[in-house]
Amino acid sequence: FALSRMGDRAAVPPLAEHLRSPVAEERWLTIGALGKIGGPDAMDAIAGLLGGDDSIDHRNAVLALAANGDVRATEPLKAMLDRESYAGDPGLTHEDYAGSDEATRQAARANTVDQFLVNAARAAASLGDPGLAPRLQNLQKNDPSVAVQSAALSALHELGAAPEND
């Protein structure tokens with residue numbers, strides 16, 4: 001994936017082929033590489049993952065699109081800024097924890113959700129859509145995670161929106 005560091009858009013078609021890999025880490029790395037290269041072809045390839053069967057790929061695609069200012073990220077990003085949207089998603093418990101006790105699996109899942117929420121808040125700031133402010137205000141005021149609250153507050157400042165006050 002050194003091709004992405006060169007920023008050569010000719011690398012997009014061969015990289016895009018890796019989005020169909022059966023290996024989750026390879027797809028994740030490919031989304032990141034295409035996001036770094038940018039441009040319409042790379043964003044189109046990433047957008048092809050929106051609404052797909054793999055919720056992690058979908059969410060990572062949303063984050064990459066938002067980081068590149070692609071408005072196709074707006075609606076799915078709204079869902080990502082809602083903690084409830086992660087409830088019941090079996091894809092959020094990494095296979096490395098399959099043999100672990102329930103408490104460990106729940107802690108790993110909670111950490112994954114928190115990371116997605118933090119990254120979604122940062123992506124909202126990158127996208128620059130003030131329509132995302134109400135979701136960010138809700139996270140800033142009500143989320144149980146201080147990290148998520150902080151990321152939401154930072155995003156609100158970047159958007160020029162007021163934080164939610166008590």
Side-chain angles (χ1 to χ4, degrees), residues 19 21-36 38 43 46-166:
L19 292 173
S21 171
V23 180
E25 185 175 6
E26 188 173 330
R27 294 189 309 271
W28 175 70
L29 290 169
T30 301
I31 293 167
L34 289 167
K36 286 180 184 174
M43 294 305 101
I46 292 171
L49 296 172
L50 295 176
D53 293 338
D54 189 305
S55 65
I56 302 297
D57 287 349
H58 167 82
R59 290 184 179 110
N60 284 323
V62 171
L63 296 173
L65 291 168
N68 280 276
D70 191 309
V71 297
R72 290 176 283 189
T74 304
E75 288 304 314
L77 190 56
K78 285 180 184 176
M80 287 182 66
L81 291 167
D82 179 3
R83 183 174 282 279
E84 293 302 312
S85 74
Y86 299 88
D89 184 343
L92 294 173
T93 304
H94 196 272
E95 59 199 34
D96 289 348
Y97 296 100
S100 301
D101 61 89
E102 183 63 22
T104 300
R105 286 193 306 276
Q106 288 301 321
R109 179 184 173 77
N111 183 54
T112 300
V113 171
D114 285 355
Q115 275 304 128
F116 269 121
L117 286 165
V118 165
N119 289 332
R122 291 176 180 155
S126 294
L127 193 57
D129 184 339
L132 297 171
R135 301 283 178 129
L136 292 164
Q137 289 166 332
N138 182 53
L139 287 175
Q140 177 259 318
K141 183 176 181 182
N142 300 314
D143 199 82
S145 166
V146 173
V148 173
Q149 291 174 14
S150 178
L153 182 61
S154 293
L156 285 165
H157 284 295
E158 287 187 48
L159 288 174
E164 186 75 21
N165 295 318
D166 291 331

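Here the structure is a predicted model, which means the values were calculated and not measured.
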Can you check whether [Y]'s main-chain N or O pairs, donor with acceptor, with [X]'s side chain at less than 3.5 Å?
X      : Y      : value
Thr112 : Ala108 : yes
Arg27  : Leu19  : no
Gln149 : Asp143 : yes
His58  : Leu50  : no
Asn68  : Ala64  : yes

### Task
Could you pull out all residues at least two apart from Ala133 that satisfy side-chain contact (heavy atoms from CB on, under 4.5 Å)?
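Scan of Ala133 (side-chain contact (heavy atoms from CB on, under 4.5 Å), adjacent residues dropped) gives Leu156, Ala161.
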Inter-residue atom distance [X].[atom1] - [Y].[atom2], 0.5 Å rounding:
X      : Y      : atom1 : atom2 : answer
Ser55  : Leu49  : OG    : CG    : 12.0 Å
Asn142 : Gln137 : CG    : CD    : 11.0 Å
Asp70  : Ser126 : CG    : OG    : 12.5 Å
Ser85  : Leu117 : OG    : CG    : 7.0 Å
Glu25  : Thr30  : CD    : OG1   : 10.5 Å

Do [X] and [Y] come within less than 4.5 Å of each other through their side chains, counting heavy atoms only?
X      : Y      : result
Ile56  : Phe116 : yes
Lys78  : Leu81  : no
Arg135 : Asp82  : yes

What heavy-atom pair brings [X] and [Y] nearest, and what distance separates the two atoms?
X      : Y      : value
Pro76  : Val62  : CB-CG2, 3.5 Å
Ala66  : Ala73  : N-CB, 3.6 Å
Ala152 : Leu139 : CB-CB, 3.9 Å
Gly128 : Pro130 : O-CD, 3.2 Å
Leu92  : Tyr86  : CD1-O, 3.5 Å
Leu132 : Ala124 : CD1-CB, 3.7 Å

### side-chain contact (heavy atoms from CB on, under 4.5 Å) between His157 and Leu136, worked out
CA-CA 10 Å; His157 284 295; Leu136 292 164; over 6 Å; no
### Query
Just wondering, are more than 12 heavy atoms of other shown residues or ligands nearer than 6.0 Å to CD in Glu84?
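Open.
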### Query
Can Thr104 and Asp101 be counted as having a side-chain donor-acceptor contact under 3.5 angstrom?
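Yes, a side-chain donor-acceptor pair sits under 3.5 Å.
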### Query
What pairs of residues pass the salt bridge (charged side-chain N to carboxylate O under 4.0 Å, His left out) test when at least one of them lies in residues 106-130, not counting sequence neighbours?
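Listed by first then second residue: Arg83-Asp114.
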### Message
If we check side-chain contact (heavy atoms from CB on, under 4.5 Å) with Asn60, which of these qualifies: Asp54, Asn119, Ile31?
### Response
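For Asn60, the side-chain contact (heavy atoms from CB on, under 4.5 Å) check succeeds only for Ile31.
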